[in-house]
Amino acid sequence: MPGLRCKRDLQRGQFIDTYRGEIITSDEANRRGQDLTEDENNFFFDYDKFRDTGAFETHRDYVCDGRYMGAPTRFINHSCDPNCAIYTVSYNHNDRNIYELAFFAREDISRGTELTFDYYDQDEGLPVSDARADEIEADKGYRPTRCLCGSEDCRRYLFT
Ligand SMILES: C[S@@+](CC[C@H](N)C(=O)[O-])C[C@H]1O[C@@H](n2cnc3c(N)ncnc32)[C@H](O)[C@@H]1O
């Protein structure tokens, strides 16, 4: 599974890059998602970090799609024990529907190491059994992706 490796040593806390892509509505993301075959990667990043915080009255569902226009960060794979963290950054506007997604090193990372981040937020993404993956497949019509991160506390499936 191709991913992204750093070309130089990184220090814990160091800024790496931002996630870039087209900002599209979630309806358009759903349309694009339906066109993906099972073996195609998806490059969607939901702008949902403030959705349930009561931070604003009107939430609009946007998604950043790195497929056609993006930065190297779109190749960063998921790990359940990642070496990068992602933070939201806003400036010059007060719209919490859209923000920058900035990657930072969670630890010292040696040159050549694969960069990873957790595709889930801290409070989501419980481990999923094969039986639960079967149920999700029956309900939603697509099978969650088997997680290949190999970490000890792997949650086993992505996109549940
Ligand atoms: C943003 S892309 C990451 C880069 C991608 N691996 C590539 O080769 O272009 C996200 C896709 O990578 C795959 N992926 C990322 N992390 C994974 C993991 N831990 N286990 C299995 N597949 C993963 C999934 O297919 C997912 O849709």
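For clarity, every value in this text was computed on a predicted model and none was experimentally measured. Whatever order the structure lists ligands and atoms in, that order sets their numbers, starting from 1. Residue numbers run from 1 in the order of the sequence given. Just so it is clear, the values below take in all heavy atoms, side chains as well, and ignore hydrogens, waters and symmetry mates.
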Over-ring placement of Arg146 relative to Tyr157, 6.0 Å and 45° cut-offs: yes

NZ or CZ of Arg74 within 45° of Phe43 ring axis and under 6.0 Å: yes

Cationic N near anionic O, under 4.0 Å, Arg155 to Asp118: yes

With sequence neighbours excluded, residues passing ring pair (Phe, Tyr, Trp, His ring centres under 6.0 Å) with Phe159: none

Results of side chain to side chain donor-acceptor pair (under 3.5 Å) for Ser79 - residues two or more places apart only: none

With sequence neighbours excluded, residues passing side chain to side chain donor-acceptor pair (under 3.5 Å) with Glu107: none

Residues lining ligand 1 [heavy-atom distance under 4.0 Å, listed by chain and residue number]: Met1, Pro2, Asn41, Asn42, Phe43, Arg74, Phe75, Ile76, Asn77, His78, Tyr119, Thr145, Arg146, Cys147, Leu148, Cys149, Leu158, Phe159

